[in-house]
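Protein chains get the first letters and strands the later ones, always in sequence-line order, with residue 1 at the start of each. In this text the structure is predicted, and so the values were computed from the model without any measurement.
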Amino acid sequence: MRLARADNQPPATLAPTPESPRPQNRSMSAPSTAPPATVSPLSPGPTVAALLADAQPGDSAVVRGWVRTRRDSKAGLSFVELNDGSCLSNLQLVLPHDLPDFAERATPITTGASLVATGEIVASQGKNQRVELRVSDFAVPGGADPDRYPLQKKRHSFEYLREIAHLRPRSNTFGAVARVRNRLSHAIHEFFQDRGFLWAHTPIITTNDCEGAGEVFTVTALQAAKLAEAAAGGDFVRDFFGKHAGLTVSGQLEAEVYATSLGPTYTFGPTFRAENSNTPRHLAEFWMIEPEVPFCDLEGDMDLAEAFVKTTVAEVRARCEEDMAFFAQRIDKTLPQTLDAIADHAFVRLPYTEAIDLLKSSGESFEYPVEWGHDLQTEHERFLTETHFKRPVIVHDYPVGIKPFYMRVNEPDEQGRETVRAMDVLVPRVGEIVGGSQREEREDVLVARMKAQGIDPASLWWYVELRTYGSVPHAGFGLGLERLVQLVTGMQNVRDVIPFPRTPGHAEF
RNA sequence: UCCCCGGUAGCUCAAUGGCAGAGCGAGCGGCUGUUAACCGCUAGGUUGUAGGUUCGAGUCCUACCCGGGGAGCCA
């Protein structure tokens, strides 16, 4: 009889015990001794991660999560692996078949079902876990019809999982990616905050359409007919902002404003590019980190980028050990050595001009010719970072002709070739992970370059005025969060390191 | 946007122009302190869509849709 079991272990959590009445207990068909389906987020009790790490036999516990797999034993036991997202591992629950009405109540316990269970932690008799939960009562808030539940207890392709983006975080890989991405984001803020950087919230909607950073998504309040009219005439005076507006492609220009007032600054937020890019490295919506530092030159900028990558990668390796071991074992066997190479060596710093000489004398046959003045092709970058140096490479001081107006112009070299203080950090497998530069702080040079690139200085008058009043040397870079996640996890497709990827034709979820 | 490859059961994939299959998953049964469980049985298909060639098309041709990879653009 169920009530006779009420003297079983109360939960070790601060949550209400099963015995205490809880009017907001909404667990469907939960018997009175079953643990409530809701719990205060301020005192939720130990997670599966905490129980697996610290729980001792004899402890009482309540767990809430989702069933990964169930195995029935004719010895009168059912084994249920429960995952609550707190870690990669599942907690094994042991359900004795002599629990009241067991057969009927346990029917909905299938892969994908939600489950709350209370019981006692015991030392596991099995081999694969230190402890397990011997369940004294349970409830199933929501079942998952095994005939229809899309996640089976087997491996799925990433392509398939992308089509069920609302369920894929329940898989091992995507759970691990989500935890690593979260930890990485935390480490990024920590890195900058520890060094006195200010997080500047630069706008999502912008009217700068001249940054040269790709196609812009238009933001408008006009109805279709009016919009077509405005677009045809290039006249948006009647639109919401009185001029053409779009989603930001970069927060850099605004970050420069704050950096030249408040000191070292960084942005961390979503960025949008309306490029028709279809590659495993591009998204229409992605997250970008853009530090900007006053009184800083390109050398300081490169120092910052290198320290940033090394520190954040090391932090994730230290704090996400289980997930990182999973990536090394199941996703990319070479991941540890790739990350070791980042940790153990200084990044190679290679002037563009020397990179050209190196590529030319390498003996490699490239599909695209290597020539001073042309941008490095993907195959060139891969050769440098993956084949030749086998570690991150910072190529710097690129020809002026292939870089945007805001990069600081160098004195011409002895052959009269002009370069700018630009730098790209190239890493194995992912390619360009950082692009940055020292900014042009001389007003006359900046204005001349804007005109040369067909940009009306008046349209960015406020940006130019940073050079009119109290101009200082300054530098910064942009780093794609998703590419950093790819580097850390070994995931090959950028669409699998962001919860809901936006690419051409895809915004379902 | 360009180039290459692919689309067959819920998933992953086989099938010389000639009867559409396997593994896994699912259901049922057996066995078991199980753990990628194991053994047996069962169900499950308009072969991406629309045309065409052929006695006959999953297979060959055309167009389109979708997916993957490479390139460009970049982070």
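Checking B:C74 for Watson-Crick or G-U wobble geometry (two distances, each under 3.5 Å) identifies no partner in any strand. Across all strands shown, B:C11 forms a Watson-Crick or G-U wobble pair, both distances under 3.5 Å, with B:G23. The partner of B:C31, taking Watson-Crick or G-U wobble pairs whose two distances both stay under 3.5 Å, does not exist in any strand shown. For B:G56, there is no paired base (Watson-Crick or G-U wobble, both distances below 3.5 Å). Judged by Watson-Crick or G-U wobble contacts below 3.5 Å, the nucleotide B:A63 has B:U49 as its partner.
As judged by a 4.0 angstrom heavy-atom cut-off over every strand, A:Phe286 is placed among the base-contacting residues. Residue A:Glu285 is classed as having no contact, given no heavy-atom separation below 4.0 Å to the nucleic acid. Counting any heavy atom pair closer than 4.0 Å across all strands shown, A:Tyr149 reaches no nucleic acid atom. A:Val494 comes within contact range of no nucleotide atom at all, as no heavy-atom separation falls under 4.0 Å. Backbone-only engagement by A:Pro280 is indicated by non-hydrogen atom pairs under 4.0 Å involving sugar-phosphate atoms exclusively. When heavy atoms are screened at a 4.0 angstrom cut-off, A:Gly478 is found touching the sugar-phosphate backbone but no base atom.
The side chain of A:Gln152 lies closest to B:C11, out of B:C11, B:G68, B:A71. Side-chain proximity of A:Arg162 to B:U34, B:G25, B:G67: nearest is B:G67. Candidate nucleotides B:U1, B:A37, B:G33 were compared by shortest atom distance to the side chain of A:Asn278, and B:U1 ranks first. Side-chain proximity of A:His506 to B:U32, B:C66, B:G72: nearest is B:C66. When each of B:U35, B:C74, B:G67 is scored by its nearest atom to the side-chain atoms of A:Thr378, the top-ranked nucleotide is B:C74. Side-chain proximity of A:Thr279 to B:G23, B:U32, B:A71: nearest is B:A71. Closest contact between the side chain of A:His156 and the listed nucleotides B:C11, B:G72, B:U34 involves B:C11. Comparing B:U35, B:A71, B:G68 against the side chain of A:Glu159 picks out B:G68 as the nearest. When distances are taken from the side chain of A:Asn276 to each of B:G25, B:C73, B:U1, the shortest belongs to B:U1. Side chain of A:Lys153, nearest nucleotide from B:U1, B:G25, B:C74: B:G25.
When rounded to the nearest whole Å, the span between CG of A:Leu77 and C1' of B:U35 equals 13 Å. Going from atom CZ of A:Phe217 over to atom C1' of B:C74 covers 14 Å, rounded to whole Å. Distance A:Asp72 CG to B:G30 P: 12 Å, rounded to the nearest Å. A straight line from CG of A:Asp145 to P of B:G27 spans 9 Å, rounded to a whole angstrom. When rounded to the nearest whole Å, the span between CE of A:Met288 and C1' of B:C73 equals 14 Å. Atom-to-atom, CD of A:Gln92 to P of B:A36 comes out at 10 Å; the value is rounded to the nearest Å. Rounded to an integer number of Å, the gap from A:Asn83 CG to B:U35 C1' is 15 Å. If you take CG of A:Asp147 and C1' of B:C11, they are 14 Å apart, rounded to a whole angstrom.
Donor-acceptor pairing under 3.5 Å, judged by distance alone, is present between the side chain of A:Gln129 and the base of B:U34. The base of B:G25 lies outside donor-acceptor range of the side chain of A:Arg155, with no N or O pair under 3.5 Å. No hydrogens or angles were tested; on distance alone, nothing pairs the side chain of A:Gln125 with the base of B:U34 as donor and acceptor under 3.5 Å.
A salt bridge links A:Asp496 with A:Arg168: at least one charged nitrogen is closer than 4.0 Å to a carboxylate oxygen. By the 4.0 Å N-to-carboxylate-O rule, A:Arg421 lies too far from A:Glu440 to be salt-bridged with it. Ion pairing of A:Arg439 with A:Asp301 is absent here, as no side-chain N (NZ or NE/NH1/NH2) approaches a carboxylate O to less than 4.0 Å. Remark: A:Glu306 engages A:Arg349 in a salt bridge, criterion side-chain N to carboxylate O under 4.0 Å.
Between the side chains of A:Tyr463 and A:Glu256, at least one donor N or O lies within less than 3.5 Å of an accepting N or O. Side-chain contact, A:Tyr406 with A:Gln453: no donor N or O sits under 3.5 Å from an acceptor N or O. Side-chain contact annotation: A:Thr271 with A:Glu285, donor-acceptor N/O pair under 3.5 Å absent.
A cation-pi contact links A:Arg195 to A:Phe191, judged by a cut-off of 6.0 Å to the six-membered ring centre and 45° from its axis. Within the cation-pi definition used here (under 6.0 Å to the ring centroid, within 45° of the axis), A:Arg105 qualifies as a partner of A:Phe138.
Under 4.0 angstrom from either OP1 or OP2 of B:C73 there lies no side-chain N or O belonging to A:Ser277. A:Arg495 has a side-chain polar atom (N or O) that falls below the 4.0 Å cut-off from OP1 or OP2 of B:G68. Look at A:Asn128 and you'll find a side-chain N or O under 4.0 angstrom from OP1 or OP2 of B:A36.
For the C1' atoms, the distance linking B:A9 with B:C5 amounts to 24 Å, nearest Å. Look at the C1' atom in both B:U59 and B:A20: the space between them is 12 Å, to the nearest Å. Distance check on atom C1': B:G70 versus B:G25 gives 34 Å, rounded to whole Å. For B:C73 and B:G18, the P atoms lie 47 Å apart once the distance is rounded to whole Å. The gap from the C1' atom of B:C55 to that of B:G72 amounts to 49 Å, rounded to the nearest Å. Comparing the same atom, C1', in B:G10 and in B:G27 gives a spacing of 13 Å after rounding to whole Å. B:C24 sits 16 Å from B:C39 when the C1' atoms are compared, rounded to a whole Å. Using C1' as the reference atom, B:A14 and B:U53 are 26 Å apart when rounded to the nearest Å.
For A:Leu283 and A:Pro146, each mapped to the nucleotide of RNA chain B holding its nearest heavy atom, the one lying further toward the 5' end belongs to A:Pro146. Positionally, the nearest nucleotide of RNA chain B for A:Glu81 lies more toward the 5' end than for the other of A:Asp375 and A:Glu81.
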